[in-house]
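A short write-up of the structure that comes next.
We count ligands from 1, going down the list as the structure has it; atoms in each ligand are counted the same way.
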Amino acid sequence: MSSENWRTATRLLHDAPNRTEFGETSEAIFLTSGFVYDSAEQAAATFTGDVEHFQYSRFGNPTVDTLQERLALLEGAEACIATSTGMGAVSSALLAHVKTGERVVASRAIFGSCYWIVTSLLPRYGIETELVDGDDYEAWERALSRPTAAVLIESPSNPMLDVLDIQRIADLAHKAGALLMVDNVFASPIGQSPLKLGADVVLYSCTKHIDGQGRVLGGAVLGSDKWIKETLQPFTRNTGNALSPFNAWVLLKGLETLKLRTEAMARNAADVADALAGLPGVVNVRYPGRSDHPQHELAQKQMSNGGSLVAFEVENGKAGAFACLNAFGLIAISNNLGDARSLATHPATTTHMRVGEDERARLGITDGVIRLSVGLEDAADLIADVTAGAAAAHAAK
Ligand SMILES: Cc1ncc(COP(=O)(O)O)c(C=O)c1O
């Protein structure tokens with residue numbers, strides 16, 4: 001069977017093997033900053049591009065290349081550049097593409113650091129930016145009735161799990177002359193394929209599900225060969241947004257179990273979300289896989305599962321949320337997500353503290369909201385833990 005017909009679970013292990021002459025089973029780690037040449041002529045020819053040879057790990061490294069190739073094949077993208085972090089992926093993609101005097105439109109519900117880039121950093125360079133409320137498609141039409149260079153969205157969004165119609169926004173973005181960039185962190189490459197829905201660029205924090213075991217930071221940008229080579233690569237190479245070969249190797253190990261982990265985490269998340277919905281002390285639950293999620297039908301259309309994140313609101317606001325988090329015995333308090341271990345955070349005082357009270361109110365991030373990243377523990381143990389948390393929230397003053 002040709003490798004083109006391999007299914008995802010197989011591809012995660014066998015795509016882009018790039019084996020050396022030693023025939024190693026697991027990929028080699030090329031932990032080297034530089035490379036040597038056989039002759040001065042070979043060095044010169046490498047720099048003119050007449051000879052293919054690694055030059056320097058800021059430009060390219062065999063272990064990082066293997067990760068990039070495997071991620072591109074998984075996503076169905078022509079090319080990929082791995083970056084030092086997820087924010088490195090978002091900032092490089094935007095800054096490489098957009099020029100002074102151009103315009104960026106973004107969904108309002110984006111991760112705190114992405115929000116800072118769009119609302120504070122880009123305007124410093126004379127780039128006009130506009131935020132649009134997630135599922136207000138008339139507002140999307142208005143915002144994209146003017147020429148625009150890039151549109152950035154996150155779906156499902158952090159932390160309230162709003163699901164946006166990627167195909168619809170892609171069509172509007174393209175009419176405005178923009179590239180649609182999708183931060184696909186919450187869904188993971190297993191749960192959603194934005195390029196198939198019309199997106200042009202997909203962004204990952206590989207720190208999340210791709211590592212998924214709390215070890216390393218990393219990021220990735222995927223898109224067309226032309227855009228990656230002509231627009232992004234000169235930017236990342238010259239600004240130094242490179243992934244360490246060691247981190248690339250850890251991420252390759254993470255990819256081997258990505259499908260297994262994310263699907264098991266999604267099954268656990270669905271069970272935990274259902275349990276939370278029936279608990280005293282819980283005011284509401286948002287999970288894209290539940291029929292009471294406001295965009296459940298759309299989530300079913302564009303995602304292959306409900307994902308591993310659940311947002312829920314407890315009684316008694318901040319006091320209730322803190323009591324709930326502090327009552328957890330198994331679920332750890334951490335602002336990371338996508339990990340094998342279940343992690344919970346209070347967005348209003350952590351990840352979304354800096355977006356301000358008014359913006360939080362607009363996004364539905366009340367003081368009682370907790371974001372839960374569901375891991376691989378036994379669902380019954382997780383349900384026992386959230387039951388204790390909800391009871392503590394109910395009793396809080
Ligand atoms: C949706 C989303 N995008 C981007 C990032 C940034 O990733 P990193 O922490 O790897 O820079 C995060 C991190 O929490 C995130 O949740």
Side-chain angles (χ1 to χ4, degrees), residues 67 71 80-95 106-119 121 131 134 150-164 166 181-189 191-192 194 199 201-222 236 239-244 247-248 250-251 254 262 265 269 286 288 303 307-311 332-339 341 343-355 363 365 369-375:
L67 174 70
L71 280 173
C80 170
I81 285 186
T83 55
S84 56
T85 64
M87 285 323 302
V90 176
S91 59
S92 285
L94 284 169
L95 290 169
S107 48
R108 187 177 299 280
I110 45 177
F111 173 57
S113 295
C114 299
Y115 184 89
W116 180 84
I117 288 177
V118 171
T119 60
L121 184 69
L131 296 176
V151 175
L152 173 70
I153 62 169
E154 196 182 294
S155 181
S157 68
N158 184 1
M160 297 310 291
L161 305 166
D162 297 331
V163 176
L164 302 188
I166 297 175
M181 304 186 178
V182 178
D183 181 336
N184 203 34
V185 164
F186 270 42
S188 92
Q192 181 169 268
V201 173
V202 180
L203 305 163
Y204 286 107
S205 163
C206 300
T207 318
K208 311 299 186 241
H209 302 87
I210 294 175
D211 173 25
Q213 287 147 93
R215 302 167 295 191
V216 297
L217 300 172
V221 185
L222 298 109
T236 52
T239 57
N241 187 1
L243 182 68
S244 136
N247 288 7
V250 173
L251 295 171
T262 52
M265 285 154 81
R286 277 175 84 107
M303 294 169 71
S308 63
L309 285 123
V310 180
I333 302 169
S334 171
N335 45 281
N336 199 9
L337 60 94
D339 198 271
R341 291 173 171 81
L343 307 172
T345 195
H346 182 239
T349 53
T350 61
T351 52
H352 288 69
M353 185 253 291
R354 289 208 166 75
V355 305
L363 294 168
I365 310 172
V369 166
I370 291 175
R371 185 193 76 193
L372 174 61
S373 171
V374 180

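Going from atom OG1 of Thr351 over to atom CD1 of Ile365 covers 7.0 Å, rounded to the nearest 0.5 Å. Taking CG of Asp183 as the start and OG of Ser205 as the end, the distance is 8.0 Å to the nearest 0.5 Å.
Asn335 and Thr350 share no donor-acceptor pair across their side chains, judged by distance under 3.5 Å alone.
Shown in contact with Glu154 at under 4.0 Å from a heavy atom are these atoms of ligand 1, numbered in order with element: 1 (C).
Between Ser157 and Leu164 there is no side-chain heavy-atom pair separated by less than 4.5 Å. You'll find the side chain of Asn158 reaches within 4.5 Å of the side chain of Arg371, heavy atoms only.
Ranked by closest heavy atom to atom 16 (O) of ligand 1, the top entry among Leu309, Leu203, Thr351, Asn158 is Asn158.
An N or O contact shorter than 3.5 Å is missing between Leu337 and ligand 1 by distance. Note: an N/O pair closer than 3.5 Å links Gly86 and ligand 1 by distance alone.
Atom 2 (C) of ligand 1 has Asp183 OD2, 3.5 Å as its closest protein atom, hydrogens excluded (heavy atom only). Here the protein heavy atom with the shortest distance to atom 11 (O) of ligand 1 is Met87 N, 2.8 Å. Atom 9 (O) of ligand 1 has as its closest protein heavy atom Lys208 NZ, 3.6 Å.
Distance alone, capped at 3.5 Å, places no donor-acceptor pair between the Glu154 side chain and the Cys114 backbone.
Taking 4.0 Å as the cut-off, Val90 does not count as a neighbour of ligand 1 on heavy-atom distance.
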